[in-house]
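Worksheet: one structure, shown below.
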Amino acid sequence: LAKTTQPISMDSYEGQEVNITCSHNNIATNDYITWYQQFPSQGPRFIIQGYKTKVTNEVASLFIPADRKSSTLSLPRVSLSDTAVYYCGAKRDAGNMLTFGGGTRLMVKP
Amino acid sequence: DSGVTQTPKHLITATGQRVTLRCSPRSGDLSVYWYQQSLDQGLQFLIQYYNGEERAKGNILERFSAQQFPDLHSELNLSSLELGDSALYFCASSVGGTSYEQYFGPGTRLTVT
């Protein structure tokens, strides 16, 4: 499965847009790119998933370039409650298993 | 609340012992996944079951085993425990086996002393 690499930490301020980029150079043809959010002492929670181009839902957008070697999670107008660890992962369609990178610790400041 | 339940919440045991972690998936979900999260290894996929059958295996040690029962709950058995097995163990479930988001339980924190 694809190995993903993402920044260890990021800081932002309330109301700003946050973009977290993940690289996955060896992503396979049948891998999906998926992002999860994790708060302390809780299990990860699904944010968004995509295969290529752009996907948007009510909480985030996911941009995936044509070569699929990277992806960017975009969180519009973050609030203090968005402070969490964000994991980029690859998901093999056949088995639905997830492989995650080390996660990006996002700190949103007032 | 994801709808996935895990018991126990915390477990403290000694090296060499054996423990069983239990997971109940969301109602209607057929797939169950087990993950291990440790400080140095991050979140790692261990094994997946779909409707009672093993579907995929990840970095699961031979000392570990799992099964999914007819009522779809799953158990992860960890034996001959070592200090390095101390971690958070998450169970997740999904409706099907492909292209579905996974819902994670609250985890079981295992401490091996």
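Per chain, numbering begins at 1; letters A, B, ... match sequence-line order.
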Hey, quick one: are B:Leu46 and B:Tyr103 part of the same hydrophobic cluster, counting side-chain heavy atoms closer than 4.5 Å, chains of contacts allowed? no

Applying the 4.5 Å side-chain criterion to the ILVMFWY set and letting contacts propagate, would B:Leu110 and B:Phe90 be lumped into a single cluster? no

Please classify the contact of B:Gln6 with chain A as side chain, backbone, both or neither, using a heavy-atom distance under 4.5 Å. neither

Given B:Gln37 and A:Phe100, is the side-chain contact (heavy atoms from CB on, under 4.5 Å) satisfied, shown in steps? CA-CA 10 Å; B:Gln37 186 174 42; A:Phe100 288 108; over 6 Å; no

When rounded to the nearest 0.5 angstrom, what distance separates CG in B:Leu88 from CD in A:Gln42? 11.5 Å

Honestly, the part of A:Ser41 sitting under 4.5 Å from a heavy atom of chain B is backbone

Same apolar cluster: A:Leu73 and A:Met10, side chain cutoff 4.5 Å: yes

Please report the closest heavy-atom contact between A:Phe46 and B:Gln102, naming both atoms and the distance. CB-O, 4.3 Å

Just checking A:Phe39: does its CZ atom have more than 12 heavy atoms from other residues, nucleotides or ligands closer to it than 6.0 angstrom? yes

Answer yes or no: does atom CZ of B:Arg109 have more than 12 heavy-atom neighbours from other residues, nucleotides or ligands under 6.0 Å? no

Might you confirm whether atom CD1 of A:Ile8 has over 12 heavy atoms from other residues, nucleotides or ligands at distances under 6.0 Å? no

Determine, using ring centers only, whether A:Tyr36 and B:Phe104 are less than 6.0 Å apart. yes

Quick one: what part of A:Tyr87 sits under 4.5 Å from any heavy atom of chain B, side chain, backbone, both or neither? side chain

Look up atom CD in B:Glu101 and atom CZ in A:Arg45, then write down how far apart they are to the nearest 0.5 Å. 10.5 Å

